[in-house]
Amino acid sequence: MIASVALGLLCMEAGLRWFEESLSLDVAHIHQIPAIVEPIRDLAPETASVLFMGNSLTRHGIKPELLSRNWRGSYWIGLIYPDATALSDWYFVYRRYLADQQIRPDLLVLVTGPKHLRNRPYDPVKMGAFWVGDGDFRDVLTQRLRTIEERSVFLLSRWFTAFANRGRIAPRVYTVLFPSYQEALQRLNTAGALGGRGVEAKADYSLFESWLKDLKSSGTNLLVIAVPHEELYALDPELLALSEKYAFPILDMQAAEIYSPSLFSDGYHLSEEGGAILSERLGTVFPLPRQWKAAGMNDFKQALERHHP
Amino acid sequence: MLFNSYTFWIFFSLVFVLNWSLPHRARNLFLLLASYFFYAYWDWRFLGLIFYASILDYNVGRVMARSDRPNVRKGMLIVSIVSNLGVLATFKYLGFFVTQAQELLTLIGFHATLPVLQIILPVGLSFYTFQSMSYVIDLYRRETVPSRCFQDYALYLAFFPPLIAGPIVRSGTLLPQIENRRCMDLRTFEEGLYLVLTGLFCKVVVADNMSMISNALFNQPATALSGPDVMVATYSFAFQIYGDFAGYSAIALGTARWLGFQLIANFRQPYLAQNPQDFWKRWHISLSTWLRDYLYIPLGGNRGGERRTHLNLMITMLLGGLWHGANWTFVVWGALHGVLLIGHRRWVSSHGSDRMETPSVWKRWIKRLALFQFICLTWIFFRADSVTQAGEMLARLFSGGGPSSISLFGIGLLFFLILPLFCYECWLDKGRSPYRLLEQAWPVQSLVYLYIIGMLLFFSAPVSNEFIYFQF
């Protein structure tokens, strides 16, 4: 009996490994990250590489074809946007898929909302399944994850695809079986019944600062874009201070007169029209890669200010 | 350490391996230390309390055993009961009584501000206190033999699987198993596995998912709920508390089994009961039998005529309700069950016992459904924060309006998660053995276990809640 149960579980694991990408577009996108960034390695020296990193805000808000409409010269644009992620995920995505692979884009663009660059509790499932490479394994297991629960979940997610994806099955089944599921989910979320990683009450940017040091030492330019929300939000003074300290520009793209509520599909993400407006506007303020790359300047902020004083 | 946490299972794996590696006497010492570690992991500050209870009642037992003088034996019994109940009353009820006294004084015109201490309730206090008292009372009645080894008695009280939320184990059940050698064989392992898996299913899949619905609905003002919302909230809580408590008990029994101990079952398909008496033979069996043996029967039981019997029943159920917590809602809950039991007794005495005839299938199911509805109504009081809130929700039960999206989802979950469990329990109830599944062919067992593991893996709730009975 135990052998047959074990065999059944093995089949479950094998099946999920085989069909993992069909479980969600997000998983399919995550698996494509190595392929997305690989071309950077073989770009010609005069080609400017710009890598956008974020979450669903990026997927909805950044349209590369509109953004680069007025760009001239040779450039490459890539987008990485795993759902429901923030700095504590992006940091490890960068380390695993770029830094550890010796891939360095000319410009890394972080697309953020109000608090995505703050320290947050880590998601041990995604860290184990997708984000953490062999190089960071020990550090994450011993230093960053503090409880036995987090470490156990991290390891199980790393070893078993079924475990890593266990949170994806129920929503798909419930969506098919229960017509009211999506609406109920929103109400349960509002009522606080579904938990969630939450954001630290205090604006702690220590992880972001650690990443800034890494980027500076590797010579990677950084741009932070704050995308519009239905309601205006203020950028943390701690973030602005880091911008001064590490000399990276922040493009605050909020402009109430442009982004009316009708341009948001669900009150949070930009609609197609809203994303088009944002991308076109970005294209007007974003320095043409040719300009700052040709000048050979490492200080991207100066280049941005030179183009758009 | 929650039973559905990785921390616990890492701890238990170590305990399991070391337990079976050690010789018998060393095993008991090891289990005692492991149990104290388990308890200290919750809150080391209260280790002293359980140690105090162990020392007190062990020595009370020794004095009782050495003396035949009635006044000495009675004196020791009183010392133990007063001490145990005193500790329980201080930690669990002091704040409640002070608050109620203050409200009473205010009601009669004295505006006094009485000091209220914010006392943390030690985990498991209600359970091990009753367990310890049962030992002393059984000794007094000469229904058990005294423990001759403090280490064994301390392990009896602190044994970690049932320590936090039961079952309340009698000394006659556990002490002999502690004193004698234990062994592990395939059947023992299978029984443990069955109990642990079904327990985890009840807790992680049933209880936690149902709590998502019941909490979302109960936490709203009653005026925001429609009649169907109140019904769904009630049914969700009925299965939340059942899954939670029965699940914990099953895991406790299963882990004890894996350590070589056999504890009594605490639940036996309670929602299939056909009358209130039957319900209390199926729900929280260890508490109901404790109340029967140490409260109801000493009060006189059913030996003092009809009115006296009803009074004894009501006192027992009121105190049983109060045992759950320091809130009038629990008292009302107990009172409602008292009314139900009394009503059933009167019905049986005027219409004859059900045992005289074999009821038809339809009649059985009508009784089950009717009783289930009443039990669910009493759960409103159990779950509500106050009697007022419970009353408001009951009033909303008969209001109109359609179900909210949360309720519709809740109804869906009731069918998706509870219906298979219900069908399984109906099948189980027809058999004689709680391990009926283990008597089936291995493909059937495999399918059931794969279903359980699959549900645990893919349909556990997004958020896990603490076991409800930890607060008692």
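Reminder, nothing fancy here: chain letters follow the sequence lines and each chain counts from 1.
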J.: Considering heavy atoms only, which positions within residues 174-182 of chain A lie below 4.5 Å of chain B?
T.: Y174(A), L177(A), F178(A), S180(A), Y181(A)
J.: Has the side chain of E20(A) got a donor or acceptor atom that lies under 3.5 Å from a matching backbone atom of T161(A)?
T.: no
J.: State plainly whether the residues D136(A) and R96(A) are in salt-bridge range, i.e. N to O under 4.0 Å.
T.: no
J.: Cation over ring, R151(A) on F154(A), under 6.0 Å and within 45°?
T.: no
J.: Given heavy-atom pairs under 4.5 angstrom as the criterion, report whether the side chain, backbone, both or neither of E190(B) touches chain A.
T.: neither
J.: At a heavy-atom separation under 4.5 Å, does L9(A) approach chain B through its side chain, its backbone, both, or neither?
T.: both
J.: Considering only NZ, NE, NH1 and NH2 on the basic side and carboxylate oxygens on the acidic side, decide whether D185(B) and R187(B) come within less than 4.0 Å.
T.: no
J.: Checking heavy atoms, do the side chain of L16(A), its backbone, both or neither come under 4.5 Å from chain B?
T.: side chain
J.: Looking at E183(A) and S405(B), would you say the former's side chain and the latter's main chain have a donor-acceptor pair under 3.5 Å?
T.: no
J.: Counting only non-hydrogen atoms closer than 4.5 Å, does L185(A) touch chain B with its backbone (N, CA, C, O), its side chain (CB onward), both, or neither?
T.: neither
J.: How about D204(A) and S206(A): does a side-chain donor come under 3.5 Å of a side-chain acceptor?
T.: yes
J.: Of all heavy-atom pairs between F218(B) and Q389(B), which one has the smallest distance, and what is that distance?
T.: O-NE2, 3.0 Å
J.: Taking only Lys NZ, Arg NE, NH1 and NH2, and the carboxylate oxygens of Asp or Glu, determine whether D100(A) and R95(A) approach each other closer than 4.0 Å.
T.: no
J.: Please state whether the side chain, the backbone, both or neither of S404(B) comes within less than 4.5 Å of a heavy atom of chain A.
T.: both
J.: May I ask you to say whether K126(A) pairs ionically with D83(A), meaning some side-chain N is under 4.0 Å from a carboxylate O?
T.: no
J.: Do any of residues 439-453 of chain B have a heavy atom less than 4.5 Å from a heavy atom of chain A, and if so, which, in residue order?
T.: W442(B), Q445(B), S446(B), Y449(B), L450(B), I453(B)
J.: With a 4.5 angstrom heavy-atom cut-off, which part of F415(B) approaches chain A: side chain, backbone, both or neither?
T.: neither
